[in-house]
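Reckoned from all heavy atoms, side chains included, excluding hydrogens, waters and symmetry mates. For reference, positions follow the sequence shown, starting with 1.
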Amino acid sequence: MSLYNQPVLADFVPVQLVEPTPQAVTLEISAWGFAKTYCRNQGITEKEDFDKVHKEIREKFDNYALSPSVIKRRQLVFFPRMKDIQFSNGEFRLMEPEHEYMKLFDNYESLNAKDIKTRHESYAKITDDCLAEMYGDESEAPDDLIHVTCSGYLAPSPAEKLAADKNWFNTTVTHSYHMCCHGAFPAIKMAHGFLSSSQSGVTPPKKRVDIVHTEVLSAHIGVENPKVENIITSTLFSDGFIKYSVVSEESLRKRGQHGLKILAFNEHVLPNSAKDMTWMPGSTHFHMTLSVMVPVIIKQWVRPFVEALLQQVGIDFERERRHLAFAIHPGGPKIVEHIQDALGLDDDQVAISKSVFAENGNMSSATVPHIFKAIVEEPGIPVGTRIVCLGFGPGLTASGSVLEKI
């Protein structure tokens, strides 16, 4: 493949399925849900006793939840809409969802959780609607379609159903599942390989590989135990939907558009870290563990990882550090701060990563593509800038790439 025909990322199209909920509202309702479930499980029925439990859990939220100063709002498909929340005399009442598939609980009075099969059926409905919005009636079929998610697994998948319904006989569907926060990196690596192999004649010629992320983390809301880690995860994660394409640099330049040329990849499982981040199916929803050691481990390993990644394209990190841009997956506010400190980065080098997190929360695998979109559209990052991209997932797995804005 010629240098001028290298694969590039382009055409980032995010989708918003519901109006984002202010973080202050999500904290209030989540604390109430944890308190209500705790009292039900403990047989507590008196209002005075409930109020005491509620107060204690709200105090835990004050200490451990992601505050509105860190995350402003989150898109949460499976969460009460603002129009369905009625506030009166310092208390609120939740209206039941209009459609049955929107119910993760039998009702808001009991908060008995639906089982994981029912929740996956709800996930399917949401993802089908999302893909229909991404690909309208006039959409041209991609040569390959890579579906990325860690929040729902179905066979046939929503992506396969889309291809079948649209009669995209020549479109190959590939799944990149359960990678969590670093899920964009293996998907982009796959797309790069698909285009490259077609250029060498291993497969028929390909012009476009699409990647779609459908992360519906709100489908895994659980309020059964007010442990600190549950409070953190329930106030950190949000839903994210985005589509983008991997095409040749030549085709993108012919359209006169900007994108991100792929220069290098690297990925490692960090030693002695397997228990620090997990994502496991449970009877009603997926469960995450996220230890306080995650930012510490990342800070320990990130500098040698970045130095080795940049050496692949002949860049000396220390000499070029001030000229680089960064796309860092903000698994939480401390991760970006630790990486910034470990690498000695200026505030403007991590500003977009922090901004995407503040405006959306952690959208798992869909977060980094939202950062890519912002970098492409940011006039303060000139064409020719090299971008160091970092994401971290269970393993702990450190994934990275080097891109160039074109």
**OP:** Using the six-membered ring wherever Trp is involved, compare the ring planes of Tyr244 and His213 and label them parallel, tilted or perpendicular (cut-offs 30° and 60°).
**Re:**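 Rings of Tyr244 and His213: parallel, as their planes differ by under 30°.
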
**OP:** Just say parallel, tilted or perpendicular for the rings of His147 and His175, cut-offs at 30° and 60°.
**Re:**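 Plane angle over 60°, so perpendicular.
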
Where the side chain of [X] meets the backbone of [Y], is there a donor-acceptor pair that is under 3.5 Å apart?
| X | Y | value |
| --- | --- | --- |
| Lys405 | Val376 | yes |
| Ser365 | Gly183 | no |
| Thr26 | Gln23 | yes |
| Gln75 | Val18 | yes |
| Thr385 | Pro382 | yes |
| His120 | Ile116 | yes |
| Asp11 | Ser245 | no |
| Thr367 | Met363 | yes |
| Ser198 | Pro205 | no |
| Arg40 | Ala35 | no |

Subject >> Side-chain heavy-atom pair Phe78, Ser122 within 4.5 angstrom cut-off >> reply: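 Result yes, sub-4.5 Å side-chain heavy-atom pair found.
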
Subject >> For His220, the option from Tyr123, Phe79, Trp279 that meets ring-ring contact (aromatic ring centres under 6.0 Å, His included) >> reply: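 Answer after filtering Tyr123, Phe79, Trp279: Trp279.
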
Subject >> Heavy atoms from other residues, nucleotides or ligands near CD of Glu98 exceed 12 (cutoff 6.0 Å) >> reply: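 Counting other residues, nucleotides and ligands, CD of Glu98 stays at 12 neighbours or fewer.
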
Original post:
Around atom CD of Glu109, are there more than 12 heavy atoms of other residues, nucleotides or ligands at under 6.0 Å?
Top reply: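 No, not enclosed.
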
Scan side-chain atoms only and decide if [X] and [Y] contain a donor-acceptor pair under the 3.5 Å cut-off.
| X | Y | result |
| --- | --- | --- |
| Ser399 | Glu267 | yes |
| Gln311 | Asp316 | no |
| Thr278 | Thr289 | yes |
| Asn230 | His287 | no |
| Ser238 | Asn360 | no |

**OP:** Can you see which heavy atom on Leu76 is nearest to which on Phe237, and at what distance?
**Re:**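 Distance-wise, the nearest heavy atoms are CD2-O, 3.7 Å.
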
Subject >> Closest non-hydrogen atom pair between His192 and Gln6, with its separation >> reply: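 Heavy atoms only, the tightest pair is NE2-OE1, 4.1 Å.
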
**OP:** For the pair Glu318 and Arg321, find out whether any cationic side-chain nitrogen is under 4.0 Å from an anionic carboxylate oxygen.
**Re:**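 Counted as a salt bridge, because a side-chain N and a carboxylate O are separated by less than 4.0 Å.
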
Original post:
Strictly under 6.0 Å, is that where the ring centroids of His182 and Phe392 end up?
Top reply: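 No, the ring of His182 stays outside the 6.0 Å limit from the ring of Phe392, centre to centre.
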
Original post:
Is it true that the NZ or CZ of Arg74 lies under 6.0 Å from the centre of Phe357's six-membered ring and within 45 degrees of the ring axis?
Top reply: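 Judged by the rule (NZ or CZ under 6.0 Å from the ring centre, within 45° of its axis), Arg74 is not positioned above Phe357.
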
